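Everything quoted here is computed from the prediction, not taken from an experiment.
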Amino acid sequence: MGSTGVRIAIDAMGGDHAPNEIVAGAVRASEELGVKVLLVGDPQQIASALPPKTNLERVEIVPAEEAIAMDEEPLNAVRRKRKASINVAMDLVKQQQADAVFSAGHSGAAMASALLRLGRLPGVDRPAIGTVFPTIKAGKPVLILDVGANVDCRPKFLEQFAVVGSTYSKYVLGTDEPKVGLLNIGEEDTKGNELALRTHELLRANPNIKFIGNAEGRDVLSGEFDVIVCDGFVGNILLKFAEAIGGVILQILREELPQGLHGQIGTALLKPNLKRIKQRMDHAEHGGALLLGVSGVCLIGHGSSQAPSVFNAIRMAKEAVDNQVMQQLQSQYEILHNSSD
């Protein structure tokens with residue numbers, strides 16, 4: 001599918017800053033990325049949030065009667081509110097009226113809706129949320145999964161995460177031969193709890209991935225790994241900690257830059273460097289996390305997502321569609337289906 005034909009369904013009512021920031025990011029994506037965005041939610045609120053002179057050929061409002069609040073139990077809410085914005089957005093993908101979906105709303109509701117409406121890929125027991133981290137090697141990100149969908153995992157699940165993660169890394173992130181690591185407390189093969197030990201055996205025996213061993217916490221951002229797998233409990237803690245560290249470093253840089261005239265001159269000279277630092281460290285630059293393992297391209301954004309995050313999430317969704325990531329993942333059916341218990 002050519003890039004100009006990509007259609008992205010947006011849950012315009014999901015997130016702390018919906019619909020204004022969601023709409024702003026989506027409209028920017030429609031203008032700069034050439035995608036068509038389908039804004040799902042309350043038509044009046046969405047229309048009020050549209051910037052003047054919006055190109056309505058690339059922006060469409062799709063009505064939805066309800067929204068799912070962040071404090072609702074996700075599965076019950078998804079089943080009860082059939083016309084909620086996230087459900088309507090997922091239905092657009094199911095009915096092939098959209099190629100991908102993005103929501104910055106209730107992540108549990110987004111996952112439940114995706115599972116109920118799109119279903120899992122054949123051979124996948126548990127979809128995983130994967131997010132891209134920057135590393136110390138410029139232009140060489142690492143994909144971490146799972147970062148929150150499955151707090152309790154079996155070894156087989158982690159093996160499946162490695163397979164779908166490797167596929168995404170290869171076909172979307174452009175890694176020729178993705179190197180896979182297992183997050184653990186030591187690099188030795190004998191380290192870790194029972195889950196880590198059994199998963200290590202499965203990954204080592206799987207000929208369809210390039211498993212290079214355990215990754216300790218200090219290795220996550222080293223650039224030595226392209227994909228790192230872990231259960232969602234550990235992964236979510238890692239994600240939140242990494243985001244906090246990035247924010248702390250950026251804040252320290254702002255506070256410690258010299259003041260006064262000389263400081264202003266120095267800061268001006270450093271501005272291009274500081275901008276690049278922010279782009280490498282700020283989670284907003286990476287947009288959202290991918291829900292890998294469902295039968296559709298789904299991205300989940302932070303509840304605090306603002307326009308830049310929304311734009312970058314749509315960019316990621318477009319890249320996944322352009323690179324036919326779903327077709328590539330589906331081709332892994334036999335690998336996943338035959339993975340060991």
**OP:** For Thr167 and Val163, indicate whether the former's side chain and the latter's backbone hold a donor-acceptor pair under 3.5 Å.
**Re:** yes
Subject >> Check: Leu238 and Leu183 side chains under 4.5 Å, non-hydrogen atoms >> reply: yes
Subject >> Smallest separation among heavy atoms of Cys153 and Phe161, with atom names >> reply: SG-CE1, 4.0 Å
**OP:** Look at the side chain of Asp219 and the backbone N and O of Glu216, then say whether any donor-acceptor pair between them is shorter than 3.5 Å.
**Re:** yes
**OP:** Give a yes or no on whether Val297 and Val172 share a hydrophobic cluster (residues Ile, Leu, Val, Met, Phe, Trp, Tyr; joining criterion: side-chain heavy atoms under 4.5 Å apart).
**Re:** yes
Original post:
Rounded to the nearest 0.5 Å, what separation is found between the CZ atom of Arg126 and the NZ atom of Lys156?
Top reply: 9.0 Å
Subject >> Polar side-chain atom of Ser113 near backbone of Ala110 as donor-acceptor pair, under 3.5 Å >> reply: no
**OP:** First locate atom NZ of Lys210, then atom CG of Leu203, and finally report the distance between them rounded to the nearest 0.5 Å.
**Re:** 15.0 Å
Original post:
What distance do Leu299 atom CG and Leu290 atom CG have between them, rounded to the nearest 0.5 Å?
Top reply: 4.5 Å
Original post:
When you check the gap from the basic side-chain N to the acidic O, do Asp176 and Lys170 get nearer than 4.0 Å?
Top reply: no
**OP:** Taking the side chain as every heavy atom from C-beta outward, state whether Gln160 and Asp125 have any atom pair closer than 4.5 Å.
**Re:** yes
Original post:
Taking side chain as C-beta onward, heavy atoms only, is Arg79 less than 4.5 Å from Leu116?
Top reply: yes
**OP:** Apply side chain to side chain contact (heavy atoms under 4.5 Å, CB included) to the pair Leu33 and Phe311, showing each step before the final yes or no.
**Re:** CA-CA 9 Å; Leu33 303 178; Phe311 171 84; 3.9 Å; yes
Original post:
Met326 versus Leu121: any side-chain heavy-atom pair under 4.5 Å?
Top reply: yes
**OP:** Verify side chain to side chain contact (heavy atoms under 4.5 Å, CB included) between Val227 and Leu145, making sure each step is shown before the conclusion.
**Re:** CA-CA 8 Å; Val227 178; Leu145 66 167; 3.7 Å; yes
Original post:
Can you tell if the side chain of Arg58 reaches within under 4.5 Å of the side chain of Val35, non-hydrogen atoms only?
Top reply: no
Original post:
Is the backbone N or O of Val325 less than 3.5 Å from a side-chain atom of Asn323, with the two atoms forming a donor-acceptor pair by type?
Top reply: no
Subject >> Flag side-chain contact, heavy atom, 4.5 Å: Leu329 against Leu292 >> reply: yes
Original post:
Which value, rounded to the nearest 0.5 Å, describes the distance between Asp16 atom CG and Met70 atom CE?
Top reply: 6.5 Å
Original post:
Salt-bridged, Lys137 to Glu224, with N to O below 4.0 Å?
Top reply: yes
**OP:** Tell me whether Val164 is reachable from Leu173 by hopping between hydrophobic residues (I, L, V, M, F, W, Y) whose side-chain heavy atoms are closer than 4.5 Å.
**Re:** yes
**OP:** Using a strict 4.0 Å threshold on nitrogen-to-oxygen distance, state whether Arg7 and Asp99 make a salt bridge.
**Re:** yes
Subject >> Residues Ile228, Leu182; criterion side chain to side chain contact (heavy atoms under 4.5 Å, CB included); working and verdict >> reply: CA-CA 6 Å; Ile228 294 178; Leu182 171 65; over 6 Å; no
**OP:** Please name the residue in the list Val101, Ile129, Thr131, Val147 that meets the side chain to side chain contact (heavy atoms under 4.5 Å, CB included) test with Ile300.
**Re:** Ile129
**OP:** Give the minimum heavy-atom separation between Arg120 and Pro127, together with the two atoms involved.
**Re:** CD-CD, 3.8 Å
Subject >> Salt bridge present between Lys81 and Glu72 (N-O < 4.0 angstrom) >> reply: yes
**OP:** Could you tell me the separation between the CD1 atom of Ile10 and the CG atom of Leu38, rounded to the nearest 0.5 Å?
**Re:** 8.0 Å
Subject >> Side-chain donor/acceptor of Ser30 to backbone N/O of Val27, under 3.5 Å >> reply: yes
**OP:** Work out which heavy atom in Lys191 is nearest to a heavy atom in Ile185; give both atom names and the distance.
**Re:** CB-CG1, 4.5 Å
**OP:** Would you check if the side chain of Asp226 reaches a backbone N or O of Leu143 as a donor-acceptor pair within less than 3.5 Å?
**Re:** no
Original post:
What is the minimum heavy-atom distance between His302 and Ala104, and which atoms define it?
Top reply: O-CB, 3.3 Å
Subject >> Criterion side chain to side chain contact (heavy atoms under 4.5 Å, CB included) on Asp231 and Val151, from CA distance to verdict >> reply: CA-CA 6 Å; Asp231 65 64; Val151 295; 5.9 Å; no
Original post:
Hey, are Lys36 and Glu60 close enough for a salt bridge, meaning a charged N less than 4.0 Å from a carboxylate O?
Top reply: yes
**OP:** Give a yes or no answer on whether the side chain of Thr135 reaches the backbone of Lys140 with a donor-acceptor pair at less than 3.5 Å.
**Re:** yes
Original post:
Does a donor on one side chain sit under 3.5 Å from an acceptor on the other, for Asn312 and Arg315?
Top reply: yes
Subject >> Arg204 atom CZ, over 12 foreign heavy atoms within 6.0 Å >> reply: yes
**OP:** Output yes when a side-chain donor or acceptor of Ser48 lies under 3.5 Å from a complementary backbone atom of Gln44, and no otherwise.
**Re:** yes
Original post:
Measuring from Cys298:SG to Met90:CE, what's the distance to the nearest 0.5 Å?
Top reply: 4.0 Å
Original post:
Side chains of Ile144 and Leu239: does their closest heavy-atom pair fall under 4.5 Å?
Top reply: no
Original post:
Do Tyr168 and Val6 share a hydrophobic cluster, counting only Ile, Leu, Val, Met, Phe, Trp and Tyr and linking them when any side-chain heavy atoms are less than 4.5 Å apart?
Top reply: yes
Subject >> Shared hydrophobic cluster for Val37 and Val23 (ILVMFWY, side-chain gaps under 4.5 Å) >> reply: yes
**OP:** Decide whether Ile68 and Val88 are clustered together by the hydrophobic rule: side chain heavy atoms of Ile, Leu, Val, Met, Phe, Trp, Tyr closer than 4.5 Å, transitively.
**Re:** no
**OP:** State whether the number of non-hydrogen atoms from other residues, nucleotides or ligands found under 6.0 Å of Gln95 atom CD is greater than 12.
**Re:** yes
Original post:
Has the side chain of Ser169 got a donor or acceptor atom that lies under 3.5 Å from a matching backbone atom of Ser166?
Top reply: no
Subject >> Between Asn214 and Glu188, a side-chain donor and acceptor under 3.5 Å >> reply: no
**OP:** May I ask you to check whether over 12 heavy atoms, not counting those of Asp152, lie within 6.0 Å of atom CG?
**Re:** no
Original post:
Is the shortest heavy-atom distance from the side chain of Val180 to the side chain of Phe225 under 4.5 Å?
Top reply: no
**OP:** Of all the heavy-atom pairs spanning Val310 and Glu21, show the shortest one and how long it is.
**Re:** CG2-O, 4.2 Å
Original post:
Is atom CD of Glu32 surrounded by more than 12 heavy atoms (other residues, nucleotides or ligands) closer than 6.0 Å?
Top reply: yes
**OP:** Please report the shortest heavy-atom distance between Asn87 and Val78, naming the atom on each side.
**Re:** ND2-O, 3.0 Å
